[in-house]
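Written out below as structure tokens is the structure these notes cover.
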There are 2 protein chains.
Amino acid sequence: MVTITAAGASELGTRAKPAFSLDDLNPYADGCPSRRLLDRIGDKWTVLVVGTLDDGPRRFSDIRRSVAGISQKMLTQTLRGLERDGLVNRTVYAEVPPRVEYELTVAGTTLLAPLKALERWSIEHFGDVSASWELYDDTHADSAES
Amino acid sequence: MVTITAAGASELGTRAKPAFSLDDLNPYADGCPSRRLLDRIGDKWTVLVVGTLDDGPRRFSDIRRSVAGISQKMLTQTLRGLERDGLVNRTVYAEVPPRVEYELTVAGTTLLAPLKALERWSIEHFGDVSASWELYDDTHADSAES
DNA sequence: CCGGATCCTAACGGATACTG
DNA sequence: CAGTATCCGTTAGGATCCGG
């Protein structure tokens, strides 16, 4: 199960080139696994959670405090997903009270750069976008107003 | 409405610096507008749709064909949102049959770079992640197996 | 302190039918 | 062709209780 076969990989058959071209798997295709990855990244909380882990390991409650508004359920779920993706390491310390630390893996660190870029973009452009909202809501006030 | 006041901006009072520091608005804060932006980006389809617009204006149905699996409802919704954000320009040609073209604005183009970076990351790392999935599902088979 | 299990609601999002 | 409106199933996700 979880057949990792890349789209069209089976057609390669006896081809000498084992690695498929990057162009072969485009996220725009429906079944493509890379699409699933984008979906995960597109997850509401993943960006925020990964973002908090850029300066070393952090505890569960610590992360939870950092990401305002996240519920414990969603944090657990997000962290589990990231762990399954191999982007985050989960370390349990058998103490009382229990302590669990989460840390980006090497792969997770590579994700950090694009994610931070997005975060930066959001911060830098939120002004423009807010202005655009006003303009849009103003010019389209005829269809639906307050 | 849609008060653009940055968090803590009111406290600045008579400060000579009208522009707030970028550090003042972090997407991790709950009410911060930049969070809303991240949410939009985190939308399931936005990344894909914006991605298809990187080589010039495209028609509705054209985009729809490019983004496999998107429904017409979701495409409309996504495009409307992007238009409201000022990231996409919508041009209606009064013809029969009607023709509507969508094009990235300047701001939209600035988003393209981080988005493409993410897309690239997904493609490059989906192999590692898939492998991680197998490993994870294998080692955690005790809790839930087929 | 960490996080699993459950319940329950709001939304997301698809299918379809209809307008210009 | 582009878009709206409606219906309706699926899921995301919050609240709460519980167990390690």
Side-chain angles (χ1 to χ4, degrees), chain A residues 30-31 35-36 38-49 52-53 57-84 88-103 136 139-140 142-145, chain B residues 30-31 35-36 38-49 52-53 57-84 88-103 136-137 139-145:
Chain A
D30 206 358
R35 174 82 154 255
R36 281 201 56 170
L38 262 191
D39 283 359
R40 164 158 312 287
I41 297 171
D43 172 70
K44 187 180 177 185
W45 300 112
T46 302
V47 180
L48 285 310
V49 170
T52 58
L53 292 175
R58 301 188 68 178
R59 304 190 52 175
F60 184 89
S61 305
D62 192 14
I63 302 172
R64 187 176 169 167
R65 269 185 298 272
S66 292
V67 183
I70 195 173
S71 67
Q72 157 259 50
K73 176 185 177 180
M74 280 304 103
L75 181 52
T76 301
Q77 203 171 103
T78 303
L79 286 170
R80 279 292 179 289
L82 287 171
E83 190 193 359
R84 183 169 183 266
V88 157
N89 268 333
R90 178 170 180 269
T91 314
V92 183
Y93 297 90
E95 315 171 342
V96 270
R99 179 163 56 105
V100 183
E101 283 192 346
Y102 297 89
E103 181 181 20
Y136 186 94
T139 50
H140 293 72
D142 51 335
S143 50
E145 38 195 314
Chain B
D30 205 359
R35 175 80 154 255
R36 281 202 55 169
L38 263 190
D39 283 358
R40 165 158 311 288
I41 297 171
D43 172 69
K44 188 182 178 185
W45 300 112
T46 301
V47 181
L48 285 305
V49 169
T52 58
L53 293 176
R58 300 187 69 179
R59 304 189 52 174
F60 186 89
S61 305
D62 193 15
I63 302 172
R64 184 172 174 176
R65 269 185 300 272
S66 292
V67 183
I70 194 173
S71 67
Q72 154 261 49
K73 175 183 176 182
M74 279 303 104
L75 181 52
T76 301
Q77 201 171 103
T78 304
L79 287 170
R80 280 292 180 291
L82 288 170
E83 190 193 357
R84 184 168 183 267
V88 158
N89 267 334
R90 178 169 179 269
T91 313
V92 183
Y93 297 90
E95 315 171 342
V96 267
R99 180 164 55 105
V100 183
E101 284 192 346
Y102 295 90
E103 180 180 21
Y136 186 93
D137 293 345
T139 51
H140 294 72
D142 52 335
S143 49
E145 38 193 314

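Below, chain A is the first sequence line, B the second, and so on; all start at residue 1. FYI, side chains are in, hydrogens and waters are out, and symmetry mates aren't considered; it's all heavy atoms of this structure.
Here the shortest heavy-atom pairing between Leu79(B) and Phe60(B) reads CD1-CD1, 4.0 Å. Residue Trp45(B) comes nearest to Met74(B) through the heavy atom pair NE1-CG, 3.7 Å, listed as atom of the first residue, atom of the second, then distance. Residues Ile63(B) and Arg58(B) come closest through the heavy atom pair CG1-CB, 3.8 Å. Between Val92(B) and Arg90(B), the shortest heavy-atom contact is CG2-NH1, 3.7 Å.
Of the listed nucleotides (dG4(C), dC1(C), dG3(D)), dG3(D) has the atom at the smallest distance from the side chain of Val100(B).
At whole-Å resolution of the value, CG in Asp43(B) and C1' in dG13(C) are 11 Å apart. Distance, Leu48(A) CG to dG13(D) P: 12 Å, rounded to whole Å. The separation between Leu75(A) atom CG and dA12(D) atom P is 17 Å, rounded to whole Å. Going from atom CD of Gln77(A) over to atom C1' of dA5(C) covers 13 Å, rounded to whole Å. As a whole-Å value, the separation of Arg65(A) CZ from dC1(C) P is 8 Å. Atom-to-atom, CD1 of Ile63(B) to C1' of dG3(D) comes out at 14 Å; the value is rounded to the nearest Å.
Contacts of Tyr93(A) with the nucleic acid, taken as non-hydrogen atoms under 4.0 Å apart, are absent. Contacts of Arg90(B) with the nucleic acid, taken as non-hydrogen atoms under 4.0 Å apart, involve only primed sugar atoms and P, OP1 or OP2. As judged by a 4.0 angstrom heavy-atom cut-off over every strand, Arg64(A) is placed among residues making no nucleic acid contact.
Considering only residues two or more places apart in sequence or on other chains, Arg99(A) meets the salt bridge (Lys or Arg N to Asp or Glu O under 4.0 Å) condition with Glu95(A), Glu101(A).
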Before giving the answer on side-chain contact (heavy atoms from CB on, under 4.5 Å), spell out for Ile70(B) and Val49(B) the whole-Å C-alpha distance, their side-chain angles and the decisive distance to 0.1 Å. CA-CA 9 Å; Ile70(B) 194 173; Val49(B) 169; 4.2 Å; yes

Any N/O pairs under 3.5 Å between the protein and nucleotides 14-20 of chain C? List them or say none.
unit_1, atom_1, unit_2, atom_2, d
dG14(C), OP2, Ser71(B), OG, 2.8
dG14(C), O6, Lys73(B), NZ, 2.3

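Of the residues listed (Val88(B), Leu82(B), Thr91(B)), the one engaging Tyr102(B) in a side-chain contact (heavy atoms from CB on, under 4.5 Å) is Val88(B), and it is the only one.
The residue among Thr76(A) and Pro97(A) whose nearest nucleotide of DNA chain C lies closer to the 5′ end is Pro97(A).
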